[in-house]
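Just so we're on the same page: letters track the sequence lines, and every chain starts at 1.
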Amino acid sequence: YCLCLLNRVDFAFAIFGSIFKRGRGLDVVTFNTLIKGLFLEGKVAEAEKLFMKLLRHKICVLDEVTYLIVINGLCKAGHTLKARDLLVILEKGRCKPNIKAYNTVMDSLCKDRMVDDALQIFSKLAEKGMSANVVTYSSLLHGLCNFCRWKEAKYLLNDMVAHKISPNTFTFNILMDAYCKEGLLKDVEDAFMIMRQLNVQPDVISYNTLIDGYCLQGQMDKARKVFDSIVGLGLKPD
RNA sequence: ACAGUUCAUUA
């Protein structure tokens, strides 16, 4: 894994070769790590090839982590639709993709301006026996806010509460950022207050977002106050 | 045996 992060997938494969020669087993985690490494180096076609080979020849029992790595790799490489197709194929297999794989595709669809397609997948989660989690809601909220679909965003927030999914720091950061960009400082402050009431810890990104919001409105004094408060809270400005 | 691989937020 370290070698892959260092962009040395080639070296990782060399080691893998020698392990193989000595007759040692290679398990699913090894393969997952290697596939991830290929994606990190931008070797998308190779990653896909390895994955398909493992899948077709049953060289190793792949798991939901494998699926997630491949789906995520494809999405991040700009092949969102291919990832969505793969998801549909994998659904038919014995081992099903988990909610994280669906989240990845929905998030990527939103970022590719296909929010409706993401919502479409979202609406079918239940019938596939899956439950949306906080990442699902946060990603979709982000997508809706990015395209100023406020009504639907509000509706989704209510749905989230109805399903007893608690918003976390990411969720609030997304909402506050959306309000900031709209210049709705009052709403930003309200969101921040609710965040504190629910005991959701703001992080550096929360404060950066607040500062950005005040700066955008030319309220440098307030921005400064937030900045000063960060240090006192034991967070380090970045 | 245990461990090791996996999703979303600001600039």
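Contact annotation for A:Thr104: backbone-only contact, meaning every heavy-atom pair under 4.0 Å involves sugar-phosphate atoms and none involves a base. Contacts of A:Asn146 with the nucleic acid, taken as non-hydrogen atoms under 4.0 Å apart, are absent.
Other residues, nucleotides and ligands contribute more than 12 heavy atoms inside 6.0 Å of the CZ atom of A:Phe147. The number of heavy-atom neighbours closer than 6.0 Å to NZ of A:Lys154, taken from other residues, nucleotides and ligands shown, is 12 or below.
Between A:Met195 and A:Pro202 the shortest side-chain heavy-atom distance falls below 4.5 Å.
For A:Asn168 against B:A8, a side-chain-to-base donor-acceptor contact under 3.5 Å is present. The base of B:G4 sits with one of its N or O atoms less than 3.5 Å from a complementary donor or acceptor on the side chain of A:Asp27.
Between A:Lys181 and B:A11 there is a side-chain polar atom (N or O) within less than 4.0 angstrom of OP1 or OP2. A close approach under 4.0 Å does occur between a side-chain nitrogen or oxygen of A:Lys76 and OP1 or OP2 of B:A8.
In the set B:G4, B:A8, B:U10, the nucleotide with an atom closest to the side chain of A:Asp177 is B:U10. Distances from the side chain of A:Lys100 to the nucleotides B:A8, B:G4, B:C7 place B:C7 closest.
B:U6 atom C1' lies 14 Å from atom CG of A:Leu87, rounded to whole Å. Protein atom CD1 of A:Ile35 is 16 Å distant from nucleotide atom C1' of B:G4, rounded to whole Å. Remark: C1' of B:U10 and CD1 of A:Ile174 are 10 Å apart, rounded to the nearest angstrom. For the pair A:Ile205 CD1 and B:U9 C1', the interatomic distance rounds to 6 Å; values are reported in whole Å. As rounded to whole Å, 17 Å separates atom P of B:C7 from atom CG of A:Leu90. If you measure from atom CE of A:Met106 to atom P of B:C7, you get 15 Å, rounded to the nearest angstrom. Rounded to an integer number of Å, the gap from A:Asn98 CG to B:C7 P is 11 Å. When the P atom of B:U6 is taken as reference, atom NZ of A:Lys36 falls 6 Å away, rounded to whole Å.
Judged by distance alone, the side chains of A:Tyr67 and A:Glu91 never bring a donor and an acceptor atom under 3.5 Å apart.
Ion pairing between A:Asp112 and A:Arg84 fails under the 4.0 Å rule for side-chain N and carboxylate O.
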